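Read the structure below first, then the notes.
Order of appearance sets the numbers: ligands from 1, and atoms from 1 within every ligand. A quick note: this is a predicted structure, and the numbers were derived from the prediction, not measured. The chain is numbered in sequence order, starting from 1.
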Amino acid sequence: MTKTVGVVGGGQLARMMIAPAVELGVELRVLVEGEAMAASLAATAVGDYRDAETVLAFARDVDVITFDHEHVPQPVLRALVDAGVAVHPGPDALQFAQDKLVMRSRLAELGAPQPDWAAVADEADLRSFLDDHGGRAVVKTPRGGYDGKGVRVVSDPADVAEWFAASDGPLLAEELVPFTRELAQQVARRPSGQVVAYPVAETVQRDGVCAEVIAPAPRASERLMEVAARLGVTIAEGLGVTGMLAVELFETADERILVNELAMRPHNSGHWTQDGAVTSQFEQHLRAVLDLPLGATDPLADWAVMVNILGGPAAGGLTDRFAAAMAEHPTAKIHTYGKDPRPGRKVGHVNAVGDDLEDAVYEARAAAGFFS
Ligand code: ADP
C-alpha cells in the first residue's frame, strides 16, 4: 500500500523531498505556510504550523509526520503524539534542535566535544564569562536563530543588552572558537535503530550563511572522518533522532572537532548528496522516517561541490538564466527553489561532482555565477 508522508513546512527542503518521493512511490503531502512557497507544488494544505488544530487536521491519514524546519512548538508536537500520529523526529529529539541551551546540556551529558559554554542570565553573568575567556565570547539567543541571526561576537555585555531585555530566560555564551574551518556530518537513523553516516563535508559560511560545501572535506585524515562519523552516530542515538541529522562542527588547528549545532532534517550542508552520493539526503530522510532500510551513503565520485545561489539575479527570474548556464556547464546540476530573488535569500544551488577538486569547484562556482 502506498505510504504517505506529511511534511510540515513548505520551504526548499520539503520541495526537494518531492522528486525522491515520486521515485519511491511515496505520497508526499505538505502543509505550507502561505501561497507561493517553494514546496507549493506538493501542497495539500495551507495553514499555521503553530496551531495544533491545523496540524492535527493535516496529519489525519498520513503514515508519518516530518518537517521542513524545527519551529513547530512542543505543545503542537505533543498533541500529534497524543493523537497517535507517528512523528519523526519526535518532540523529545526536536527539543535539542529547538533550544541551543537544552542542546548544550544534553551534549555535555553525552560527553560530546563542544566549545566552553554557559547559560548567562544577565550582564553580570556574561561579564564573568568574558573575564574567564580572554574578554571575547559568542552570545546566542537559545531559540529561533538561523543563518547567523541570533549570534553575536561580544566583548562587552552591553553589546547584547537588548537581547537580555527581550529574553524571558538566559542567553547562551560560548567561547570564541579559533577554528580553522567548519565541517558538517550527516547521519540518518531509523526509528528501529539502523543508522548510517555520510563522509564529513567542509562548509564555508559567508556572513553567517552557508555559501559552499565540499565533500568529503579536503585534507581530512581517515581518523578525522572516523571521529566525525562516530560523533554523528553517538548524537543521533543519544538524542533519539529519527530521519536526517546534520551535526555542524568546528575543526581546530590540532584536528579536534567541536559541535556547533544540530539540525534534525535535511540540511544545506548535505545538498551535495543529491548528485554526489548513492542516496541523497532527501531520499534518505523519507526512508528513515518511514522506517525503511537506509540507502548507501558512498560518494559517486572523489569530490562533490555545492555552491549556493544567494539573492539571485537583480532583474528577471532564475529560469531566464538557465539556457546560458546549461550551455556553458553541462556537467553542473542546477537546483532551484521556486522563490523570488531577494538580496541574501537562498534561491537555489549548484552541484558539481568529479575526480578533480579544482574542476568541480570551478564548474559549481561558474554555473552558480550565472544566477547572481
Ligand atoms: P545559526 O543557528 O544562526 O546558524 P550558528 O550557531 O550556526 O547560528 O552560528 C553561525 C556562525 O557563527 C557559525 O557558522 C560560525 O561561523 C559562527 N560561530 C558560532 N558559534 C561560534 C563559536 N562558539 N566560536 C566561533 N564562531 C562561532
Side-chain angles (χ1 to χ4, degrees), residues 9 11-13 67-72 94-108 112-120 125-126 129-130 132-155 157 159-160 163 166-167 170-186 200-214 217 228 231-232 235 239 244-254 256-271 306 308 310 344-346 349:
Q12 64 262 28
L13 303 177
F67 309 95
D68 168 83
H69 56 71
E70 288 116 352
H71 308 310
V72 179
L94 268 173
Q95 62 175 326
F96 302 113
Q98 292 180 324
D99 188 311
K100 291 177 180 173
L101 274 170
V102 178
M103 173 195 77
R104 286 275 174 244
S105 339
R106 181 73 186 116
L107 290 180
Q114 43 179 354
D116 270 349
W117 65 278
V120 289
D125 272 4
L126 178 54
F129 188 87
L130 285 166
D132 292 346
H133 292 86
R136 296 227 296 166
V138 178
V139 177
K140 301 182 179 182
T141 51
R143 307 178 69 88
Y146 67 97
D147 285 350
K149 295 171 184 67
V151 174
R152 208 175 275 174
V153 177
V154 304
S155 49
D159 297 343
V160 285
W163 285 0
S167 176
L171 300 175
L172 169 63
E174 294 179 359
E175 83 177 276
L176 180 63
V177 178
F179 59 80
T180 48
R181 60 176 171 171
E182 295 187 65
L183 303 173
Q185 175 66 54
Q186 257 74 33
V200 72
E202 175 173 344
T203 67
V204 179
Q205 340 287 322
R206 280 186 210 117
D207 301 327
V209 180
C210 176
E212 294 186 6
V213 175
I214 302 176
L231 179 59
I235 293 173
L239 271 48
M244 285 296 306
L245 166 71
V247 183
E248 293 182 43
L249 300 161
F250 298 129
E251 184 182 358
T252 59
D254 54 357
R256 286 204 334 125
I257 51 173
L258 304 171
V259 178
N260 175 26
E261 68 165 344
L262 308 176
M264 295 181 191
R265 51 177 166 75
H267 188 253
N268 199 165
S269 59
H271 289 354
M306 192 264 355
N308 272 340
L310 291 169
R345 193 178 203 200
K346 289 178 187 170
H349 66 270

For [X], counting its heavy atoms only, list the atoms of ligand 1 lying under 4.0 Å from any of them.
{"X": "K149", "value": "3 (O)"}
{"X": "L176", "value": "24 (N), 25 (C)"}
{"X": "E175", "value": "22 (C), 23 (N), 24 (N)"}
{"X": "V138", "value": "20 (N), 21 (C), 22 (C), 23 (N), 24 (N)"}
{"X": "E248", "value": "7 (O)"}

Handout entry: With R206 via side-chain hydrogen bond (donor to acceptor under 3.5 Å, both in side chains) - residues at least two apart
Key =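 side-chain hydrogen bond (donor to acceptor under 3.5 Å, both in side chains) check on R206 returns nothing, list empty.
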Exercise for the section: Using the test side-chain hydrogen bond (donor to acceptor under 3.5 Å, both in side chains), find all partners of E248 that sit at least two apart in sequence or belong to another chain. Expected result: H267
Problem - Region of V151 engaging ligand 1 - heavy atom pairs below 4.0 Å - result: side chain
Exercise for the section: Pick one of side chain, backbone, both or neither for how V153 approaches ligand 1, counting any non-hydrogen atom pair under 4.0 Å. Expected result: neither
Practice task
Please work out which of K140, K100, Q114 has its closest non-hydrogen atom nearest to atom 2 (O) of ligand 1.
Solution key: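 Among K140, K100, Q114, the closest heavy atom to atom 2 (O) of ligand 1 comes from K100.
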Practice task
Please work out which of R206, R181, E182 has its closest non-hydrogen atom nearest to atom 14 (O) of ligand 1.
Solution key: E182
Handout entry: F179, any N or O under 3.5 Å of ligand 1 N or O
Key =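 No; every N/O pair is 3.5 Å or more apart.
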Practice task
Decide whether an N or O pair under 3.5 Å exists between Q205 and ligand 1.
Solution key: no
Problem - Flag side-chain contact, heavy atom, 4.5 Å: F179 against L249 - result: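 Of all side-chain heavy-atom pairs linking L249 with F179, none is under 4.5 Å.
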Exercise for the section: Would you check if Q185 and I257 make a side-chain contact, meaning some heavy-atom pair closer than 4.5 Å? Expected result: no
Euclidean distance, [Y] [atom2] relative to [X] [atom1], rounded to 0.5 Å:
{"X": "K140", "Y": "R152", "atom1": "NZ", "atom2": "CZ", "result": "14.0 Å"}
{"X": "L172", "Y": "S167", "atom1": "CG", "atom2": "OG", "result": "11.0 Å"}
{"X": "C210", "Y": "K346", "atom1": "SG", "atom2": "NZ", "result": "5.5 Å"}

Practice task
Compute the minimum heavy-atom distance from F250 to ligand 1 and say whether it is under 4.0 Å.
Solution key: yes
Exercise for the section: In sequence, state the C-alpha distance, the side-chain angles, and the governing distance for R104 and E174, and then conclude on salt bridge (charged side-chain N to carboxylate O under 4.0 Å, His left out). Expected result: CA-CA 10 Å; R104 286 275 174 244; E174 294 179 359; 2.9 Å; yes
